[in-house]
Trainee: 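Just passing along the structure, written as structure tokens.
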Amino acid sequence: MTSLFEDEITLFADLILPVPVPRLFTYRVPRTMAEMIKVGARVIVQFGKNRVITAVVAHIHSNPPALYQAKYILELLDDEPIITTKQLELFNWISEYYLCNIGEVLNVALPAGLKITSQSRIQHNPEFDYEELLTDQERFILDEIKKHATLSYEEVARMVNQTNITAVIKSLVGKRAIILFEEVKEKYKPKVVKKIRLTSAFVSEKSLVELTSSLDKIPKQQDILMRYLSHVPVYNHADLNQKGLDKSIFSQDDSLSDSALQTLIKKGVFEQFDIVVSRFADIPLGPPAVVNLTESQTTAFKEIHEAFSEKEVVLLLGITGSGKTEVYIELIKQAMESGSQVLFLLPEIALTTQIVVRLRKVFGDAMGIYHSKFSDNERVEVWKGILDGKFQFVVGVRSAIFLPFDNLGLIIVDEEHETSYKQHDPAPRYHARDVAVIMAYMHKAKTLLGSATPSLESYYHARSGRYGLVEITQRFGNAALPTFVLIDTKKEKKQKTMKNEFSSVLLEHLESNLNNKEQTILFQNRRGYSPYMQCEECSWISECANCDVSLTYHMKVAELRCHYCGHKEEVPRTCPACGSPKVKTMGYGTEKIEEELHLLLPAARVQRMDFDTTRAKNAYQQIIQEFEEGGTDILVGTQMVSKGLDFDNVSMVGIFDADRIIHFPEFRASERAFQMLTQVSGRAGRRADKPGKVLIQTANPAQKILERIIQNDYTGMYDAEILEREQYHYPPFTRLIKITVKHVDEATSKRAAVVLAEKLTANLGQSRVLGPEPPLVERVRNQFLFDILIKLEREKINFKAAKSFIQEKVIDILTDKTIKGVHVVIDVDCV
DNA sequence: AGCACGCCGACT
DNA sequence: GTCGGCGTGCTC
């Protein structure tokens with residue numbers, strides 16, 4: 001609307017602030033910003049008395065708030081939105097569905113590099129002359145501050161060599177001796193490389209010849225010039241000079257003098273300039289890979305296409321090693337050709353492996369990678385790259401669903417059954433697979449879920465016709481499925497043929513595999529050396545001081561560690577309870593298996609891959625690379641070894657303690673066991689000429705679930721499992737909401753949980769509210785936990801209404817004056 | 001979440 | 001008597 005009065009309308013903006021408060025905040029838009037400000041742009045505002053934070057514009061309007069005076073927006077950070085309208089819609093959906101605040105969504109969505117932090121700067125007050133009012137310490141600090149124009153808290157702390165100076169600073173502010181002000185700084189810094197090139201005067205052949213002869217008597221400078229020309233043949237290709245040469249080339253080589261280079265720069269022969277580079281240069285591009293689909297892959301591709309014409313979501317069930325990736329690649333290409341964006345989600349663990357390298361070979365620089373081990377600057381680069389169209393295709397982990405897409409055509413969720421797609425802490429506790437389906441719907445895009453062992457939920461939807469279903473039943477290159485050997489550990493124990501955790505059968509196979517120069521993967525889903533220590537005299541057990549779990553013994557670092565809170569202790573030489581020296585390690589984890597392999601098979605080169613050995617940024621890749629190059633004979637690991645490792649020379653997989661996985665006290669145990677063991681088994685024998693072997697150690701080889709794993713009978717497992725789910729009202733027939741009540745005092749925690757459960761039961765009915773009961777680990781970080789599980793039938797219950805009722809009751813408990821200090825976590829669709 | 005304001009124990 | 005402990009309540 002253009003009217004004569006246009007400039008008299010004051011604009012207001014409703015902002016999303018990255019704080020857990022369940023509403024938007026309305027600020028006043030300064031006149032100067034009125035033309036520029038856009039929904040989705042970042043602004044800086046004062047929030048509360050002393051905080052300055054970044055916020056995102058959600059709405060712009062001209063309704064002044066009636067109940068309070070709106071503050072002014074301090075600064076506008078973006079000319080163009082960095083959050084798309086579709087994203088705002090999605091963030092809203094997430095906050096409503098998963099019962100959290102939109103600020104919490106924003107908080108995990110934005111890479112830290114796009115958040116602005118306010119930093120208090122300190123300077124002295126020139127008008128202050130009441131030094132006699134100051135204490136000695138204050139005077140000392142003030143003198144230090146006076147020496148500089150401005151300082152940060154940290155700088156002052158360092159100068160006076162104290163860690164906590166907030167109190168003194170506060171007092172100095174109170175006495176008006178110093179002034180605080182806020183400095184806002186952008187965290188993201190593009191990566192620049194310093195480069196050197198000849199100045200334009202020396203590019204011509206003639207001037208170069210002259211230059212060379214003039215440097216005859218100055219060998220150091222001559223060397224530099226020669227080195228430059230050897231990398232950049234300016235004689236033949238004058239235009240190459242424009243791009244210059246990395247300055248680092250000169251500094252790497254000790255024989256070249258940096259000061260000589262500086263002199264040449266001063267003389268005007270060379271000039272230095274900076275270029276902004278992408279941070280993804282280190283993942284090799286390689287020659288573009290040509291993908292030829294096999295017959296079964298082509299069929300699958302066509303079927304997926306047909307299914308997409310009717311269904312929004314298609315489940316691709318392709319057995320391990322069936323070459324799903326090639327099918328994905330074709331689909332991605334096609335979607336990109338039509339101009340749409342594509343998002344490919346992978347579980348955290350699988351992302352650093354071969355699949356990314358393969359995709360990059362096909363899609364090159366048009367592909368962005370979003371991974372938690374990437375630095376923040378790298379994430380900002382992907383974010384901005386999507387906004388300005390550089391990346392049409394992104395491969396990423398679960399948090400990649402927050403990226404600023406505006407035109408998605410296809411989302412692929414690989415290994416869709418993986419539980420790592422669900423975020424547990426902090427809020428939003430979202431499931432990336434489920435969000436992907438919603439997001440695709442918002443973009444009018446299609447979703448492809450892929451897995452060899454789909455989640456029961458997804459397969460149920462496929463069976464019921466809600467999703468399309470496409471199967472690939474043939475392994476790539478017709479590789480045979482592995483043969484299975486079940487090893488009865490009960491029997492071997494009786495016959496005393498076990499060597500600690502190793503059955504004689506497993507050892508024999510390990511040995512012969514080693515002799516054949518073939519590789520083995522050993523799977524034990526427990527890290528550390530042993531899960532607990534025990535005193536043989538008084539049966540004392542190592543326990544965490546903060547949590548209700550045993551402390552795991554880690555041998556290499558000689559520590560007892562809590563896997564829940566990170567608490568560490570020294571290893572006791574004698575029993576802390578009775579003083580006996582007979583403190584023994586009990587049970588076994590990956591570390592112990594690694595150690596025993598050294599003793600049992602000294603010739604084998606053993607590597608371990610678990611949380612502890614892969615913490616560093618590239619450790620994971622190094623272990624895998626060494627394994628791939630044949631430098632490792634036996635790879636011992638946790639779940640990490642079960643995904644995405646496809647190596648031809650692995651002919652055997654060994655699984656310890658399958659029973660612990662099968663009998664995990666959880667309703668999904670069978671499903672999980674099937675998925676986990678099938679995935680690990682899939683690592684063996686990817687060649688057509690020789691089937692791999694999978695050895696499973698179990699105390700009960702007759703278990704039905706093992707038979708199904710061996711037969712690769714997914715539907716058998718599904719049919720059995722789904723009956724139980726229906727009978728006992730579990731997903732996919734119901735949706736689950738888990739409420740966890742926490743309090744430092746056990747009785748208070750229980751009381752709060754009981755009161756809450758009663759309120760919930762009153763409306764939802766007895767059968768829908770389970771508990772409260774203490775979870776498997778009753779105490780974590782000194783808080784006592786109680787779980788309430790709510791089951792809501794899919795077809796019968798208005799999910800939205802039930803959720804707001806639940807939220808209401810939770811707020812009742814949190815504001816109950818008789819129960820103070822409780823924390824409550826609501827987990828929608830808990831897994 | 002932060003951060004400020006506000007009411008009760010160990011120190012110059 | 002003060003410094004400071006962290007309990008509770010608000011943030012446009």
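A, B, ... follow the sequence lines: proteins, then strands. Residue 1 opens every chain.
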Trainee: Taking C-beta and beyond as the side chain, do Asn107(A) and Leu110(A) meet within less than 4.5 Å on heavy atoms?
Mentor: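 No, side chains not in contact.
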Trainee: Hey, does Arg28(A) reach any base, or is it just sugar-phosphate, or nothing, if we go heavy atoms under 4.0 Å?
Mentor: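 Nothing: the residue Arg28(A), judged by heavy atoms under 4.0 Å, touches no strand.
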Trainee: Nearest whole angstrom, please: distance from the P of dC10(C) to the CZ of Phe25(A).
Mentor: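 One finds 12 Å between P of dC10(C) and CZ of Phe25(A), rounded.
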Trainee: From CD of Gln46(A) over to C1' of dC3(B), roughly how many Å is that when rounded to an integer?
Mentor: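 Computing the Gln46(A):CD to dC3(B):C1' distance gives 12 Å.
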Trainee: Heavy atoms under 4.0 Å, any strand shown: does Pro65(A) hit a base, just sugar-phosphate, or nothing?
Mentor: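 Here Pro65(A) touches no strand at all.
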Trainee: Measure CD1/Ile60(A) against P/dC12(C) and give the value in whole Å, please.
Mentor: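 Result: 20 Å.
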Trainee: Mind calculating the distance between CZ (Arg51(A)) and P (dC12(C)) to the nearest angstrom?
Mentor: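 That distance rounds to 10 Å.
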Trainee: Tell me whether the side-chain N/O atoms of Tyr68(A) come closer than 4.0 Å to OP1 or OP2 in dC12(C).
Mentor: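 No, outside the criterion.
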Trainee: Is Arg28(A) positioned over the aromatic face of Tyr72(A), cation under 6.0 angstrom from the ring centre and no more than 45 degrees off axis?
Mentor: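 Judged by the rule, Arg28(A) and Tyr72(A) form a cation-pi pair.
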Trainee: To the nearest Å, give me how far apart CG (Asp425(A)) and C1' (dA1(B)) are.
Mentor: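 Asp425(A) atom CG is separated from dA1(B) atom C1' by 14 Å.
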Trainee: How would you label the contact of Tyr27(A) with the nucleic acid (heavy atoms, under 4.0 Å): base, sugar-phosphate, or nothing?
Mentor: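 It contacts sugar-phosphate atoms only.
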Trainee: Just the rounded figure in Å: distance from P of dG7(C) to NE2 of His743(A).
Mentor: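 One finds 11 Å between P of dG7(C) and NE2 of His743(A), rounded.
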Trainee: I need the CZ-C1' distance between Phe47(A) and dT11(C), as an integer number of Å.
Mentor: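 Value for this atom pair: 4 Å.
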Trainee: Starting at CZ of Arg23(A) and ending at P of dC12(C), how long is that distance when rounded to a whole Å?
Mentor: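 Computing the Arg23(A):CZ to dC12(C):P distance gives 10 Å.
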Trainee: Do any side-chain nitrogens or oxygens of Lys820(A) fall under 4.0 Å of OP1 or OP2 in dT8(C)?
Mentor: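 The answer is yes; a side-chain N or O of Lys820(A) sits under 4.0 Å from OP1 or OP2.
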Trainee: Give a yes/no on whether any side-chain N or O of Lys49(A) is located under 4.0 angstrom from OP1 or OP2 of dA4(B).
Mentor: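 For dA4(B), OP1/OP2 do not have a side-chain N/O of Lys49(A) under 4.0 Å.
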Trainee: Carefully, step by step, assess Phe405(A) and Phe391(A) under the rule ring-ring contact (aromatic ring centres under 6.0 Å, His included).
Mentor: CA-CA 10 Å; Phe405(A) 299 104; Phe391(A) 299 129; over 10 Å; no
Trainee: Report the distance from atom CZ of Arg429(A) to atom CD of Glu104(A), rounding to the nearest 0.5 Å.
Mentor: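 Arg429(A) atom CZ to Glu104(A) atom CD measures 8.0 Å (nearest 0.5 Å).
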Trainee: Do Lys803(A) and Tyr97(A) meet the cation-pi criteria used here (NZ or CZ under 6.0 Å from the six-membered ring centre, within 45° of the axis)?
Mentor: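 Ring-cation test returns yes.
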